[in-house]
S.K.: 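Sending over a structure as structure tokens; questions will come in a sec.
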Amino acid sequence: MRVGRYIAITVGASALLVSGVAPAAAGTLPTSGTAAGAASQAGHDQKQVPLRKVAPKGFAIGVAVAGGGHHLDQEYPDPFKYDEEYRGVLAKHFNSVTPENHLKWDFVHPERNKYRFGPADAIVRFAQQNGQKVRGHTLLWHSQNPDWLTKGKFSRKELRNILKEHITKVVGRYRGKIDQWDVANEIFDDNGKLRTKENIWLKTFGPSIIADAFRWAHQADPKAKLFFNDYGAEGINKRSDAYLKLMKKLRKQGVPVHGFGVQGHLSLNYPFPSDMAKNLKRFSDAGFEVAVTEVDVRIPLNGGDASEGHLKKQADYYRRALEACLSVKRCNSFTLWGPTDKYSWVPVFFPDEGEATIFNDDFSPKPAYFALQETLAKARRR
Ligand code: G3I
């Protein structure tokens with residue numbers, strides 16, 4: 001666990017409404033010795049400026065709002081409810097939020113006839129209070145589905161109605177409040193084949209259910225932009241090829257498909273996908289919106305702490321991913337999968353890796369933070 005040294009820098013009165021956050025937390029930004037040192041070595045201005053303030057006009061710099069409990073040794077309660085410093089960081093730096101877990105089936109629809117909207121409502125309310133957009137995640141996925149759905153005995157007709165009702169109800173509730181929906185998440189495997197075994201919807205209905213899902217979502221909120229979203233699709237490969245092909249085909253059939261989200265879960269164990277800009281551009285050139293939806297960069301730790309070298313390399317990955325998006329005409333949204341290591345999903349899922357976000361556990365910024373700040377500011381000046 002890494003904790004930075006605090007040096008308080010006041011960045012002027014913030015016009016942001018940070019609900020539930022003391023003014024001191026909202027107006028004072030901590031910076032770590034590590035990050036500041038790395039920043040100065042690279043000739044950076046050490047002053048931290050909120051990311052949303054340096055972002056180009058109209059560009060969404062987003063963040064996932066944690067479901068909480070991602071560290072096994074952590075108490076379960078959702079930090080969004082009680083961690084004021086965390087809420088302050090969400091409001092100060094980001095102009096878009098994505099509920100990390102609270103709109104997934106198992107959370108929002110825990111029983112056949114019961115929906116649990118409270119936590120997602122709270123996130124949407126927070127976004128409205130703080131002038132933030134919202135990305136909705138997700139409606140048709142093979143994972144995080146409740147047992148009543150996956151183990152229940154339903155006829156095809158019943159199952160189709162269950163999906164239609166879910167989409168209509170969930171998208172309809174946030175009509176006009178959620179800007180982009182990840183309608184279909186992770187439907188292709190590494191080989192660009194549809195996940196017909198794991199995905200209950202594809203297994204039961206085949207690919208035709210995808211068009212239905214997009215149509216139902218469009219009916220429920222005609223203004224929302226509807227996306228496909230996947231990991232391992234940052235570069236040009238079988239998976240991203242499959243999406244481009246499918247999206248063109250659906251559009252020809254008049255299905256309301258608007259955009260493609262590449263998640264951006266990167267790791268220093270693998271090279272940066274250097275054809276990311278080229279990949280995003282081909283979707284943009286085809287007339288689709290593009291979003292980078294879930295960025296984090298895992299560091300191989302093997303029980304230790306990240307080195308200066310790791311942090312520098314991590315900053316480089318963040319910078320390159322953001323540059324790839326900013327270089328593409330229809331890429332207008334770049335979302336981090338959580339702001340701080342304190343609540344990151346990574347250590348639970350990848351025990352040997354971690355420190356994947358831009359803020360340390362104590363919310364002090366890492367070199368990756370400054371890489372994003374600089375890259376956004378540069379694009380704004382262009
Ligand atoms: O809600 C239960 C809680 O009741 C229980 O006490 C607790 C104990 O294990 O688990 C809680 O649910 C966990 C949930 O996160 C909320 O914290 C799940 O076990 C856990 O599996 C779930 O992990 C999420 C994961 O998706 C599930 O696949 C991560 O937080 C979330 O960051 C991650 O996000 C995904 C995107 O949706 C899609 N792209 C990949 C990305 C990373 O895997």
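First listed ligand is number 1; within each ligand, the first listed atom is number 1.
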S.K.: Using the six-membered ring of Phe117, assess whether NZ or CZ of Arg173 lies under 6.0 Å from its centre and within 45 degrees of the ring axis.
M.R.: yes
S.K.: Any chance you could measure Ile358, atom CD1, to Gln373, atom CD, to the nearest 0.5 Å?
M.R.: 9.5 Å
S.K.: Show the atoms of ligand 1 that are less than 4.0 angstrom away from any heavy atom in Glu100.
M.R.: 29 (C), 30 (O), 31 (C), 32 (O)
S.K.: How long is the span from the CZ atom in Phe363 to the CD atom in Glu85, to the nearest 0.5 Å?
M.R.: 5.0 Å
S.K.: Report yes if some N/O of His137 lies less than 3.5 Å from some N/O of ligand 1; otherwise report no.
M.R.: yes
S.K.: Of the backbone atoms (N, CA, C, O) and the side-chain heavy atoms from C-beta on, which set of Tyr343 has a member under 4.0 Å from an atom of ligand 1: side chain, backbone, both, or neither?
M.R.: neither
S.K.: Ile200 versus Leu159: any side-chain heavy-atom pair under 4.5 Å?
M.R.: yes
S.K.: Is the Lys NZ or Arg CZ of Arg135 less than 6.0 Å from the centre of Phe227's six-membered ring, within 45° of the axis?
M.R.: yes
S.K.: What do you reckon, does Asn229 put a non-hydrogen atom under 4.0 Å from ligand 1?
M.R.: no
S.K.: Report yes or no: does Phe107 have a heavy atom closer than 4.0 Å to ligand 1?
M.R.: no
S.K.: Taking the cut-offs as 6.0 angstrom to the six-membered ring centre and 45 degrees off its axis, would you call Arg87 and Phe80 a cation-pi pair?
M.R.: yes
S.K.: If you count the atoms of ligand 1 from 1 in the order shown, which ones are under 4.0 Å from a heavy atom of Asn185?
M.R.: 38 (C)
S.K.: Among Trp345, Phe349, Trp337, which one has a heavy atom closest to atom 34 (O) of ligand 1?
M.R.: Trp337
S.K.: Can you name the atoms of ligand 1, numbered from 1 with element, that are less than 4.0 Å from a heavy atom of Asn101?
M.R.: 14 (C), 15 (O), 16 (C), 17 (O), 24 (C), 29 (C), 30 (O), 31 (C)
S.K.: Looking at Phe288, is Arg251 sitting on its ring face, NZ or CZ under 6.0 Å from the six-membered ring centre and within 45 degrees of the normal?
M.R.: yes
S.K.: Closest by any non-hydrogen atom to atom 35 (C) of ligand 1: pick that one out of Glu186, Gln144, Lys104, Gln263.
M.R.: Lys104
